[in-house]
Protein chains: 2
Amino acid sequence: MDINEASSMLAALAQSTRLQAFRLLVGHEPGGLPAGDIARKLGIPQNTSSTHLAILVNAGLAGSTRNGRSITYRANLDRFRELNLYLLKDCCNGRAEICAPLIAALTPCCAATPA
Amino acid sequence: MDINEASSMLAALAQSTRLQAFRLLVGHEPGGLPAGDIARKLGIPQNTSSTHLAILVNAGLAGSTRNGRSITYRANLDRFRELNLYLLKDCCNGRAEICAPLIAALTPCCAATPA
DNA sequence: TTCATATATCGGCTATTCTTGATACATGGA
DNA sequence: TCCATGTATCAAGAATAGCCGATATATGAA
């Protein structure tokens, strides 16, 4: 993950319709959603939705597989996690006091396996 | 933090020069950096840098205080943490298995106070 | 093959963003 | 007050992004 990949992913998410689309996909993991359903749920024209989805895919934030006539989109959570790590790595390097509160805020809802 | 604030923050970071500037600021917490130093370190004209910094400030990702003739910029880490929480909240809601690996990857470098 | 359905791509338009030279504003020193 | 320094704003051109009607492509059914 270099700065250009990160920029591309951030740009893909830096548009409210696409961010909504991504959140929608995350919420439908691991099953995914057909392109048509996404456009309908977002209330936007089919081709606009298709363009946005292509941008998410191009940034590596989503993937698609054909299912008969429809094409199912899924969020790429690993890639999303990499982006978050990239963003957070900076403040962690030698300055744990900065990121610790984030982990603290995240832990209750994620409840990683208790030691 | 609503979707429009998040979009604005993501858009602010979705440009490699600004992302570099923000990383630079994060790396100089808590002291901050004068505007001139930022432009020099990034190797860009002073006015370009000023515009980018204004965008970071407008998105809430940075703040500035005057120090004599120069103006010192600082990263707003609380705000940055809120953005990350917003992005990660979705995958945590009822699906800890998605975010747990992120916490696991983050913990070693952040080393929150051990229980 | 023909038709219907699901999605992608094209074309052109508008709006926004990025960049930078020129210039204005603010501060400190003499 | 006058000048030097540090930073912000203006203006304008180039590039990019977003939108959507029209159309193309791909699949499945008859």
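All values reported here derive from a predicted model rather than from experimental measurement. A, B, ... follow the sequence lines: proteins, then strands. Residue 1 opens every chain.
Listed here is the closest heavy atom pair of A:Ser49 and A:Ala35: OG-O, 4.3 Å. Pairing each heavy atom of A:Lys41 with each of A:Leu24, the nearest pair is CB-CD2, 3.9 Å. A pairwise comparison of heavy atoms in B:Leu42 and B:Gln20 identifies CD2-CB, 3.9 Å as the closest pair.
For DNA chain D, the contact window with chain B, defined by any atom under 4.0 Å from a protein heavy atom, covers D:dA4 to D:dT9 in 5' to 3' order.
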Exercise. Scan nucleotides 19-30 of chain C nucleotide by nucleotide, 5' to 3', and note B when protein non-hydrogen atoms come under 4.0 Å of the base, S if they reach only the sugar-phosphate, - if neither.
Key: BBBB---SBB--

Quiz item: What's the verdict on side-chain contact (heavy atoms from CB on, under 4.5 Å) for A:Ile38 and A:Ile44, showing C-alpha distance, side-chain angles and the deciding distance?
Solution: CA-CA 9 Å; A:Ile38 297 171; A:Ile44 59 178; over 6 Å; no

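Nucleic acid contact class of A:Ser70 (heavy atoms, under 4.0 Å, all strands): sugar-phosphate only.
Grouping the Ile, Leu, Val, Met, Phe, Trp and Tyr side chains by contacts below 4.5 angstrom, directly or via other members, places B:Ile55 apart from B:Leu33.
A donor-acceptor contact closer than 3.5 angstrom is absent between the side chains of A:Tyr86 and A:Arg81.
Between B:Tyr73 and A:Ala11, the residue anchored closer to the 5' end of DNA chain D is B:Tyr73, taking for each the nucleotide with the nearest heavy atom.
With sequence neighbours excluded, the residues satisfying side chain to side chain donor-acceptor pair (under 3.5 Å) with B:Arg40 are B:Asp37. Evaluation of the ring-ring contact (aromatic ring centres under 6.0 Å, His included) rule for A:Tyr73 yields no partner, not counting sequence neighbours.
Residues from residues 34-42 of chain B lying near DNA chain D, meaning a heavy-atom separation below 4.0 Å, are B:Pro34, B:Ala35, B:Gly36 in numerical order.
For the pair B:Arg74 and B:Leu25, the minimum side-chain heavy-atom distance is 4.5 Å or more.
Listed by first then second residue, pairs satisfying ring pair (Phe, Tyr, Trp, His ring centres under 6.0 Å) with a partner in residues 3-24 of chain A read A:Phe22-A:Phe80, not counting sequence neighbours.
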